[in-house]
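Notes to accompany the following structure.
On a predicted model such as this, the values are computed, not experimentally measured, just so you know.
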Amino acid sequence: MPELPDVEVFKRYLDSTSLHHRITDVQIQSSQVLGDVSEQDLRADLKGHEFECTKRHGKYLFTGLDSGRWLVLHFGMTGNPKYFKDMDQEPQYDRLLFSFANGYHLAYQSRRKLGEVALLDDLQAFVEGKELGPDVLDESFDLQAFKKVLQGHRGMVKSALMNQQLMAGIGNVYSDEILFQAGIHPRTKVNQLDDEQLGEIFKGMKEVLNMAIDRQADPQQFPDTYIIPHRHQGGTCPCCGAEVRRVKVSGRSAYYCPNRQGEP
DNA sequence: CCTATAGCCTGACGGC
DNA sequence: TGCCGTCAGGCTATAG
């Protein structure tokens, strides 16, 4: 689930639910999701403290504690936060559970446990350590910056969009949507794109991601000109009705419309 | 520098 | 119903 729009929706969800409550308890149902941090350290760092603010970089969500430290939340392919009151609403795949003084709980849910939770002192150092590129929705990431990042890149355009070291936030699903909107085949080589195509991709990128955030990252609310609700075997292009095709790019499934995006 | 592959984990889904 | 293969919105290490 979690690409940039999903994580941004998670961020706003935490902002409206989980800030400024004293953390009274931390339960660790599955320590596999803990990265560098031990169970003891996680408890010690959170208990008695509260979340003050949140930040996001690409697909990473950070919650700032009143101690000055940060809890990093990454959700892998299947995960989300869930705020709830009664334990009978506890989500099925919660791996961590934070309890607040107001009686509510925040669960870190992750079915496949591919995500990771850790504690940090320095956000900047974390981003640099992971060698993450700029967040694609950051205002400073404009067309010029986009072109610069792709300058000299020789790979396929879908791979480049998904490469978190080049730019952070886009994953498998949204890269398909961006390229569908731009009318460009996912296997197109970056160095074969002309200026106009780069402009189309950039524009599609900002539009698609902002639209998705506006619609709560819920595909059911997406415009009917979007391919996302149709990107599965047997799906049809919302514009021309052609059956969507699937090819492998960087080991992931790319879906595209052969009419709109052509064949390489 | 770039691609493909496997692995990490736990399912959901379709076919027989 | 059960078993099996395939696929799944991420990331990393490895080999070529």
Side-chain angles (χ1 to χ4, degrees), chain A residues 1-11 28-36 56-61 72-81 91-96 108-118 126-127 129-133 135-136 149-180 186-193 205 208-209 211-213 215-222 226-235 244-256 264:
Chain A
M1 195 200 279
E3 299 182 35
L4 186 151
D6 310 274
V7 178
E8 180 61 27
V9 170
F10 296 165
K11 177 184 189 299
I28 296 147
Q29 341 276 45
S30 178
S31 56
Q32 290 160 281
V33 301
L34 298 183
D36 283 342
R56 184 188 59 70
H57 189 109
K59 304 172 188 172
Y60 290 88
L61 181 57
V72 193
L73 300 172
H74 186 261
F75 296 91
M77 289 174 84
T78 55
N80 58 279
Q92 187 178 0
Y93 302 110
D94 61 335
R95 309 305 183 185
L96 302 177
Y108 167 86
Q109 182 172 220
S110 176
R111 179 157 57 81
R112 289 171 69 185
K113 302 182 186 173
L114 294 178
E116 185 176 315
V117 175
F126 177 82
V127 169
K130 296 269 181 191
E131 300 183 319
L132 295 177
D135 183 274
V136 292
V149 151
L150 294 179
Q151 185 72 38
H153 196 81
R154 283 193 283 275
M156 295 180 277
V157 63
K158 181 178 167 72
S159 305
L161 292 176
M162 290 195 298
N163 185 334
Q164 305 300 299
Q165 264 97 51
L166 293 179
M167 58 189 102
I170 300 170
N172 199 28
V173 166
Y174 284 97
S175 59
D176 277 357
E177 188 65 64
I178 291 163
L179 293 171
F180 176 74
R187 300 193 73 119
T188 310
K189 295 282 198 297
V190 168
N191 58 14
Q192 289 172 351
L193 295 168
M205 177 180 82
V208 164
L209 298 176
M211 183 284 312
I213 292 167
R215 312 282 170 100
Q216 311 301 314
D218 174 9
Q220 291 196 327
Q221 298 180 46
F222 286 4
Y226 273 48
I227 198 175
I228 285 179
H230 309 277
R231 66 181 291 293
H232 53 80
Q233 288 290 4
V244 301
R245 295 197 180 153
R246 189 178 72 178
V247 288
K248 288 280 180 199
V249 179
S250 302
R252 315 294 300 279
S253 288
Y255 290 84
Y256 67 99

Nearest to the side chain of [X] - [options]?
{"X": "A:K59", "options": "C:dA8, B:dC2, C:dC11", "value": "C:dC11"}
{"X": "A:L114", "options": "B:dC2, C:dG10, C:dC11", "value": "C:dG10"}
{"X": "A:R154", "options": "C:dG9, B:dC1, B:dA4", "value": "B:dC1"}
{"X": "A:R95", "options": "B:dT10, C:dG9, B:dC2", "value": "B:dT10"}

Would you say [X] reaches [N]'s phosphate, i.e. side-chain N/O to OP1/OP2 under 4.0 Å?
{"X": "A:T78", "N": "C:dG9", "answer": "no"}
{"X": "A:Y93", "N": "B:dA12", "answer": "yes"}
{"X": "A:Y255", "N": "C:dG9", "answer": "no"}
{"X": "A:K130", "N": "C:dC11", "answer": "no"}
{"X": "A:R187", "N": "B:dC2", "answer": "no"}
{"X": "A:R246", "N": "C:dC7", "answer": "yes"}
{"X": "A:H74", "N": "C:dG10", "answer": "no"}

Rounded to the nearest angstrom, tell me the gap between atom [atom1] in [X] and atom [atom2] in [N].
{"X": "A:N172", "N": "C:dC7", "atom1": "CG", "atom2": "P", "result": "13 Å"}
{"X": "A:L4", "N": "C:dG10", "atom1": "CG", "atom2": "C1'", "result": "14 Å"}
{"X": "A:Q164", "N": "C:dA13", "atom1": "CD", "atom2": "P", "result": "15 Å"}
{"X": "A:Y226", "N": "C:dG9", "atom1": "OH", "atom2": "P", "result": "18 Å"}
{"X": "A:R252", "N": "C:dA8", "atom1": "CZ", "atom2": "C1'", "result": "8 Å"}
{"X": "A:H57", "N": "C:dG10", "atom1": "NE2", "atom2": "C1'", "result": "15 Å"}
{"X": "A:M77", "N": "B:dG11", "atom1": "CE", "atom2": "C1'", "result": "12 Å"}
{"X": "A:Q32", "N": "B:dG11", "atom1": "CD", "atom2": "P", "result": "11 Å"}

Is A:M156 touching bases, backbone alone, or none of the nucleic acid, heavy atoms closer than 4.0 Å?
sugar-phosphate
Quick check: closest heavy atoms across [X] and [Y], and the distance to 0.1 Å?
{"X": "A:Q29", "Y": "A:L96", "result": "CG-N, 4.2 Å"}
{"X": "A:P186", "Y": "A:M156", "result": "O-CB, 3.9 Å"}
{"X": "A:R95", "Y": "A:R111", "result": "NH2-O, 2.7 Å"}

Looking at OH of A:Y174 and CG of A:L161, how far apart are the two atoms once the value is rounded to the nearest 0.5 Å?
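Output value for this atom pair is 14.5 Å.
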Does A:Q233 or A:I170 map to a spot on DNA chain C nearer the 5' end, using the closest nucleotide for each?
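Its nearest nucleotide lies further toward 5', so the answer is A:Q233.
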Rounded distance in Å between the P positions of C:dC3 and B:dC9:
25 Å
In whole angstrom, give me the gap between the P atoms of C:dG5 and B:dA6.
15 Å
Does this structure show an ion pair linking A:K158 with A:D176, if we count only N-O contacts that are shorter than 4.0 Å?
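Salt bridge: yes.
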Would you mind pulling out the nucleotide paired to C:dG9, Watson-Crick or G-U wobble, both distances under 3.5 Å?
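Across all strands, not a single nucleotide pairs with C:dG9.
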Paired to B:dC9 by Watson-Crick or G-U wobble criteria (both distances under 3.5 Å) is none
Just checking A:Q151: does its CD atom have more than 12 heavy atoms from other residues, nucleotides or ligands closer to it than 6.0 angstrom?
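No, because the 6.0 Å sphere around CD of A:Q151 holds 12 heavy atoms or fewer from other groups.
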For A:L166 and A:G251, take the nucleotide of DNA chain B holding the closest heavy atom to each; which residue's nucleotide lies nearer the 5' end?
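Closer to the 5' end of DNA chain B: A:L166.
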